[in-house]
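Read the structure below first, then the notes.
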Amino acid sequence: MNYSKYNKEIIVITGAGQGIGKAIAKNLNNKYDLFLISKTSNCKKTVEEIKKNSIKNKTINRKIEYQKINLENEINLNLLKKKINFKKYENIHLILCAGIVDPYKESFKKLKSWNKVFKINLFSNIFFINFFLKFLKKKRKQNKIIVFSGGGAASSFEKFPIYSASKTALVRSVENFSQMLSKKNVSIFAVAPGAVKTKMLKKVEKISKVGTRSQIIEVVNFINNCFKINTKFLNGKLIHIKDNFKIIKKKKDPNYLKLRRIQ
């Protein structure tokens with residue numbers, strides 16, 4: 001398939017082989033080209049499904065590619081560079097969904113487990129943000145970086161301490177990036193989707209109770225709405241998909257919906 005003649009924007013999605021990442025990829029507006037990243041071959045099936053729907057909806061010029069990457073290892077994007085010329089796009093957006101919980105009970109006692117969870121939940125996100133920043137500098141339209149966090153960042157999560165620590169660090173990183181990018185046309189914020197029915201949730205429920213439940217369609221609708229509006233007012237914040245945007249806009253406190261600070 002040749003480069004799209006019509007699409008001027010591309011969305012890069014990590015964790016797109018299953019769960020939330022897959023659902024978002026399959027339900028985004030057809031005006032976006034897609035590059036999907038997953039550690040499993042499930043991502044290939046996702047691409048095939050999207051291409052079939054694109055043909056059915058007569059958007060066959062849409063470019064949809066994927067790369068299988070295990071984010072626990074060193075990330076190599078040489079194949080990605082060969083598949084897609086990112087310089088040609090007017091806008092590049094990131095939706096970073098990849099994440100894991102603690103590998104097993106009391107895994108916090110093993111440094112190896114900490115390394116694994118932090119590589120996927122924190123360092124891979126920082127890698128992708130930094131990698132794509134060089135393509136975002138001169139863009140006129142708002143570029144969006146949406147980073148999926150979780151309940152572990154909002155409060156302690158004693159059954160999954162590594163997950164909680166990594167997500168808290170991720171949200172703080174998003175806050176810092178938002179300040180660093182304040183003069184650029186980049187909107188970056190973190191999203192807490194709530195407890196959505198996925199394989200990860202099944203694993204969590206075997207060990208611990210979960211908080212607010214959400215439907216996968218609510219997450220998809222939230223993301224689609226974010227691409228319809230200027231999300232500058234969300235910069236650096238941790239947003240729950242059920243938060244009221246009107247209330248957030250009215251709040252003048254710059255620390256509203258950020259990690260709690262000791263007064």
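Computed from a prediction, not measured in an experiment: that's the story for all the values here. Position 1 is the first residue of the sequence, and the numbers go up from there.
Side-chain atoms of Ser38 never come within 3.5 Å of backbone atoms of Gly15 as a donor-acceptor pair (strictly under, hydrogens ignored). A donor-acceptor pair under 3.5 Å links the side-chain atoms of Asp102 to the main chain of Ile162, judged by distance alone. Using a distance-only test at 3.5 Å, with no hydrogens or angles considered, a donor-acceptor pair links the side chain of Asp243 to the main chain of His240. Counting only distance, with no hydrogens or angles, the side chain of Lys63 and the backbone of Phe35 share no donor-acceptor pair below 3.5 Å. Side-chain atoms of Ser182 come within 3.5 Å of backbone N or O of Gln179 as a donor-acceptor pair. A donor-acceptor pair under 3.5 Å links the side-chain atoms of Gln67 to the main chain of Asn76, judged by distance alone. In terms of modelled atom types and a separation under 3.5 Å, the side chain of Asn91 and the main chain of Lys8 share no donor-acceptor contact. Using modelled atom types, one side-chain atom of Gln142 and one backbone atom of Thr231 make a donor-acceptor pair closer than 3.5 Å.
Proximity of Phe135 to Ile10: side-chain heavy atoms (C-beta onward) are nowhere separated by under 4.5 Å. Two residues are said to be in side-chain contact when any heavy atoms from C-beta on lie closer than 4.5 Å; Val12 and Phe86 meet this criterion. Here the side chains of Ile95 and Phe148 are in contact, with some heavy-atom distance below 4.5 Å. The closest side-chain heavy-atom distance from Ile188 to Leu94 is not below 4.5 Å. Counting heavy atoms from C-beta outward, Ile248 and Phe245 have side chains that approach closer than 4.5 Å.
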Item to complete: Apply side-chain contact (heavy atoms from CB on, under 4.5 Å) to Lys141 and Glu90, showing your working.
Response: CA-CA 8 Å; Lys141 190 175 177 182; Glu90 291 181 0; over 6 Å; no
Discussion item. Walk me through whether Phe131 and Ile75 qualify under side-chain contact (heavy atoms from CB on, under 4.5 Å).
Written reply: CA-CA 11 Å; Phe131 176 83; Ile75 302 173; over 6 Å; no
Discussion item. The test is side-chain contact (heavy atoms from CB on, under 4.5 Å); show your working for Asp33 and Glu65 and say whether it passes.
Written reply: CA-CA 9 Å; Asp33 286 353; Glu65 296 285 358; over 6 Å; no
Item to complete: Would you sort out whether Phe127 and Leu77 count as a side-chain contact (heavy atoms from CB on, under 4.5 Å), showing the intermediate values?
Response: CA-CA 11 Å; Phe127 174 88; Leu77 297 182; 3.5 Å; yes
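Contact between Cys43 and Leu36 at its shortest, heavy atoms only, is SG-CB, 3.4 Å. Of all non-hydrogen atoms in Ser173 and Ile126, the two that sit nearest each other are OG-CD1, 4.1 Å. Residues Thr46 and Ala16 share a closest heavy-atom pair of OG1-O, 3.5 Å. Nearest heavy-atom pair across Pro193 and Val219 is CB-CG2, 4.0 Å. For the residue pair Ala25 and Ile50, the shortest heavy atom distance occurs at O-CD1, 3.5 Å. Nearest heavy-atom pair, Cys226 versus Ile146, reported as atom, atom and distance to 0.1 Å: CB-CD1, 4.2 Å.
Taking CG from Asn29 and CG from Asn224, the interatomic distance works out to 7.0 Å, rounded to the nearest 0.5 Å. Note that the OG atom of Ser149 and the CZ atom of Arg172 stand 12.0 Å from one another [nearest 0.5 Å]. Distance check, rounded to the nearest 0.5 Å: NZ of Lys144 to CG of Asn185 gives 9.0 Å. Here CD1 of Ile241 is found 8.0 Å from CD1 of Ile20. Values are rounded to the nearest 0.5 Å. Atom CG of residue Leu234 and atom CD1 of residue Ile229 lie 6.0 Å apart, to the nearest 0.5 angstrom. Taking CG of Asn27 as the reference point, atom CD1 of Ile217 lies at 6.0 Å (rounded to 0.5 Å).
Taking the six-membered ring for Trp and thresholds of 30 and 60 degrees, Phe128 and Phe132 have nearly parallel ring planes, at less than 30 degrees apart. Between Phe123 and Phe118, the ring planes lie tilted relative to each other; the angle falls in the 30° to 60° range. By the 30° and 60° cut-offs, the orientation of the rings of Phe227 relative to His93 is perpendicular.
Aromatic ring centroids of Tyr32 and Tyr89 lie 6.0 Å or more apart.
Taking the ring axis of Tyr66 as reference, the NZ or CZ atom of Lys83 stays within 45° of it and closer than 6.0 Å to the ring centre. For Lys110 and Phe108, the positive end is not near the middle of the six-membered ring at less than 6.0 Å and at most 45° from its axis.
Ion pairing between Lys51 and Glu48 fails under the 4.0 Å rule for side-chain N and carboxylate O.
The side-chain contact (heavy atoms from CB on, under 4.5 Å) test with Ile129 is passed by exactly one of Val174, Val186, Leu96: Leu96.
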